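Please read all numbers here as calculations on a predicted model, not as lab measurements.
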Amino acid sequence: MNTINQKKIAILDDYFPNLTTGFRISEFNYYLEKYPNCEVYATRYDMHHHEYAAVYPQYKDKVKPFTQFDWTGQSYALYYMVFLSNAAAFHFVYEMFNTPFIFELYPGGGFWINDDEIDARLIKVLQSPLLRKVIVTQKRTYDYITSRGFVTPDKIAYIYGMVTYPEYFHSTVPKRFYGKDKNTLDICFVAHKYMPTGMDKGYPIFIEMCKKLASITEDIRFHVVGNFDRDEIDVNELGSRIVFYGLRDKSFFPQFFSGMDMIVSPNLPFVLIPGKNFDGFPTGCCIDAALHNVAVFCTDELNMNDHFEHKKDLFIIHADAGKIAESIMEYYQSPEKLYSMSACGQAKFREIFDFEKQMRDRVSVIEQYV
C-alpha cells in the first residue's frame, strides 16, 4: 500500500482514547491501521491512554497528547474530526495553517437544531473554504443543514448509520434462549445518563414498564447498563429482579447480550435540550444489541426510520410504559415470535451497519482529498 503523501492525516479529538467511546475506537483504529501517516491528537490523552495502550499496543505510539501537536503546521495534509463540538473547537487550527478538513456530523456532540448559537457554529465550519466534506449519518441532519442553507449538497457525504466494533459482527458467545437455556426472560436498558433520571433516554419509562411487568409475571428480569444505580429512581419493589452494571466497555457486551432477550430504548427527542436535541435512529446501544441477536424495542418519535420493518426487524414502541409492557407480554407469551424478530433484526442490522462497508464509505471520502 502506498503511503498517502508524506504529510500526516491528523485526527483531532476531545475524548479519544476512552475505551467506552466505541465508535471512535473502531473508526480511528481503522485509520491508524490503514494509513502509516495517520495520528490522533487527543486533549484527554493522559486520562485514557494507559488503558487504551494495554488493549491496542500496536497503535499506542500513534495516539498523542494534543500538546505534542506540531505547531509549525507543516506536517499535516488533512484534519479529521467527529462531532460539531470538535469541528468548532479545533477550527482555529486548520484556519491557522490553511489546511483542509473533513468532519463527521453525528447527532449530539454539540449539534442540535433550532438554536441560534449552534446554527452560528454550523455556519462557521460548514462555510469554511477549508471544508472538503461533511459526513452526515441521519437524513434529518442532512435535511436540516441543507434547508437552512448552511451548506450545499456537493459538500455533503451522506453515509447512513454509524461505526461500531467489528468484533460484534462475529460474536462467538452462544445465545441463551428463554425456556430452553434459561428460566427467565431478560430485558435490558443500555444508555449513558446525561441528565437527572436519564429522562431523555426514557429511563423513567423503562422503570415504570419494569414495575408493570413485574406485577404480572415472576420470571422476567431487568438489567441496566450505564451510569445509573438503585437510587436514581425507587426500584425497591423490584428487589433482586433488577440488576445494575454501571458503565462498561466493549469487552463486557458479547457475554452480556448473549443472555438478553430484548433491549428497550424509550428515548425521547427535545428533552435534554428542549425543542432542539435528538438521537440517531436507532441508538448505538440498540445497534450493538441487535448485532448480538437481541430484539430491539425502540421509539421513533421523529419518524426517522427508513430501513427497518416494524415487527419484522424491530418493534417501534411509543413512550408509554403501559403500552410497552402490553407489547412485551405478547412476545413473552410467544417466544418463537420474539426470536424470529431478533434473528431477522440481526441480519438486517448486520447488512445496514456492516463495519467494512461503513468504513469503505468513509475512506472513499477521505481519499478524495489527501
Side-chain angles (χ1 to χ4, degrees), residues 1-106 109-110 125 128 130-135 157 159 162-166 249-250 355-356 358-370:
M1 184 192 69
N2 294 326
T3 299
I4 298 179
N5 71 45
Q6 294 305 305
K7 290 190 174 184
K8 298 172 183 175
I9 302 170
I11 300 171
L12 309 178
D13 196 76
D14 63 341
Y15 209 65
F16 193 85
N18 188 323
L19 292 176
T20 65
T21 179
F23 64 95
R24 280 183 175 97
I25 296 292
S26 298
E27 182 173 353
F28 293 177
N29 281 1
Y30 189 94
Y31 301 140
L32 293 175
E33 175 69 27
K34 184 173 181 63
Y35 301 125
N37 57 343
C38 180
E39 295 177 341
V40 181
Y41 292 90
T43 58
R44 299 189 190 183
Y45 172 94
D46 292 335
M47 297 173 63
H48 306 295
H49 189 264
H50 178 73
E51 293 83 0
Y52 173 83
V55 180
Y56 302 105
Q58 68 271 40
Y59 306 131
K60 65 183 178 66
D61 294 334
K62 300 181 76 176
V63 179
K64 302 178 179 182
F66 188 61
T67 53
Q68 290 185 14
F69 185 82
D70 177 7
W71 288 103
T72 69
Q74 310 263 330
S75 300
Y76 311 110
L78 180 75
Y79 300 124
Y80 183 84
M81 290 137 289
V82 297
F83 290 125
L84 176 62
S85 55
N86 282 318
F90 293 110
H91 185 271
F92 76 99
V93 175
Y94 35 85
E95 288 276 308
M96 183 184 300
F97 301 118
N98 196 36
T99 301
F101 70 97
I102 294 169
F103 82 101
E104 189 164 13
L105 185 58
Y106 279 120
V125 296
S128 167
L130 296 170
L131 174 71
R132 294 299 178 261
K133 281 286 191 202
V134 55
I135 297 171
I159 305 173
M162 64 170 286
V163 177
T164 191
Y165 292 111
D249 65 24
K250 69 160 187 173
F355 176 77
E356 293 298 333
Q358 290 281 332
M359 290 311 308
R360 280 197 307 270
D361 289 346
R362 285 161 174 79
V363 164
S364 70
V365 174
I366 290 172
E367 293 195 345
Q368 293 177 56
Y369 301 102
V370 291

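In this structure the side chain of Tyr30 never reaches within 4.5 angstrom of the side chain of Val163, judged on heavy atoms. Side-chain contact check for Asn98 versus Leu130: some heavy-atom pair is nearer than 4.5 Å. The closest side-chain heavy-atom distance from Ile11 to Cys38 is below 4.5 Å. The closest side-chain heavy-atom distance from Gln368 to Arg132 is not below 4.5 Å. For the pair Asp13 and Phe90, the minimum side-chain heavy-atom distance is 4.5 Å or more. Leu12 has its side chain out of reach of Phe101: every pair of non-hydrogen atoms, C-beta onward, lies at least 4.5 Å apart. Between Gln68 and Glu39, the closest side-chain pair of non-hydrogen atoms is not below 4.5 Å. In this structure the side chain of Asn18 never reaches within 4.5 angstrom of the side chain of Met47, judged on heavy atoms.
Judged by distance alone, with hydrogens and angles left aside, the side-chain atoms of Arg360 form no donor-acceptor pair with the main-chain N or O of Gln358 at under 3.5 Å. Side-chain atoms of Lys133 do not come within 3.5 Å of backbone N or O of Val365 as any donor-acceptor pair. Without hydrogens or angle criteria, Tyr79 side chain to His91 main chain gives no donor-acceptor distance under 3.5 Å. In this structure a side-chain-to-backbone donor-acceptor pair under 3.5 Å is present from Asn37 to Lys7. Formation of a donor-acceptor pair under 3.5 Å by the Ser364 side chain with backbone atoms of Asp361 is found in this model. Not one N or O on the side chain of Arg44 forms a donor-acceptor pair closer than 3.5 Å with the backbone of Tyr15.
For Glu104, the side chain to side chain donor-acceptor pair (under 3.5 Å) partners two or more places apart in sequence, or in a different chain, are Tyr80, Tyr106, Arg362.
From Phe103, atom CZ reaches atom CZ of Phe83 across 11.5 Å, with rounding to the nearest 0.5 Å. With values rounded to the nearest 0.5 angstrom, Ile102 atom CD1 is found 4.5 Å from Leu78 atom CG. In this structure, the separation between OG1 on Thr21 and CG on Asp14 is 9.0 Å, given to the nearest 0.5 Å. Taken to the nearest 0.5 Å, the CG atom of Asp61 stands 11.0 Å off from the CG atom of Leu32. One distance of note links NE2 of His49 with CZ of Phe16; it measures 8.5 Å at 0.5 Å rounding. Residue Glu27 holds its CD atom at 11.5 Å from OG1 of Thr164, rounded to the nearest 0.5 Å.
Annotation for Pro100 and Ala77: closest pair CG-O, 3.6 Å, computed over non-hydrogen atoms. Smallest separation of non-hydrogen atoms from Pro17 and Ile25: O-CD1, 4.0 Å. Closest heavy-atom contact between Leu131 and Val125: CB-O, 3.8 Å.
A ring-centre distance under 6.0 Å is not found for Tyr45 and Phe69.
Using cut-offs of 30° and 60° for the angle between ring planes, the Tyr76 and Tyr41 rings count as perpendicular. In this structure, Phe92 and Phe66 have perpendicular ring planes: the angle between them is above 60°, well past the 30° mark.
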Name the atoms and distances for all side-chain donor-acceptor pairs under 3.5 Å in residues 51-60, with sequence neighbours left out.
from, atom 1, to, atom 2, distance (Å)
Tyr52, OH, Asn29, OD1, 2.6
Tyr56, OH, Lys250, NZ, 2.9
Tyr59, OH, Glu33, OE1, 2.9

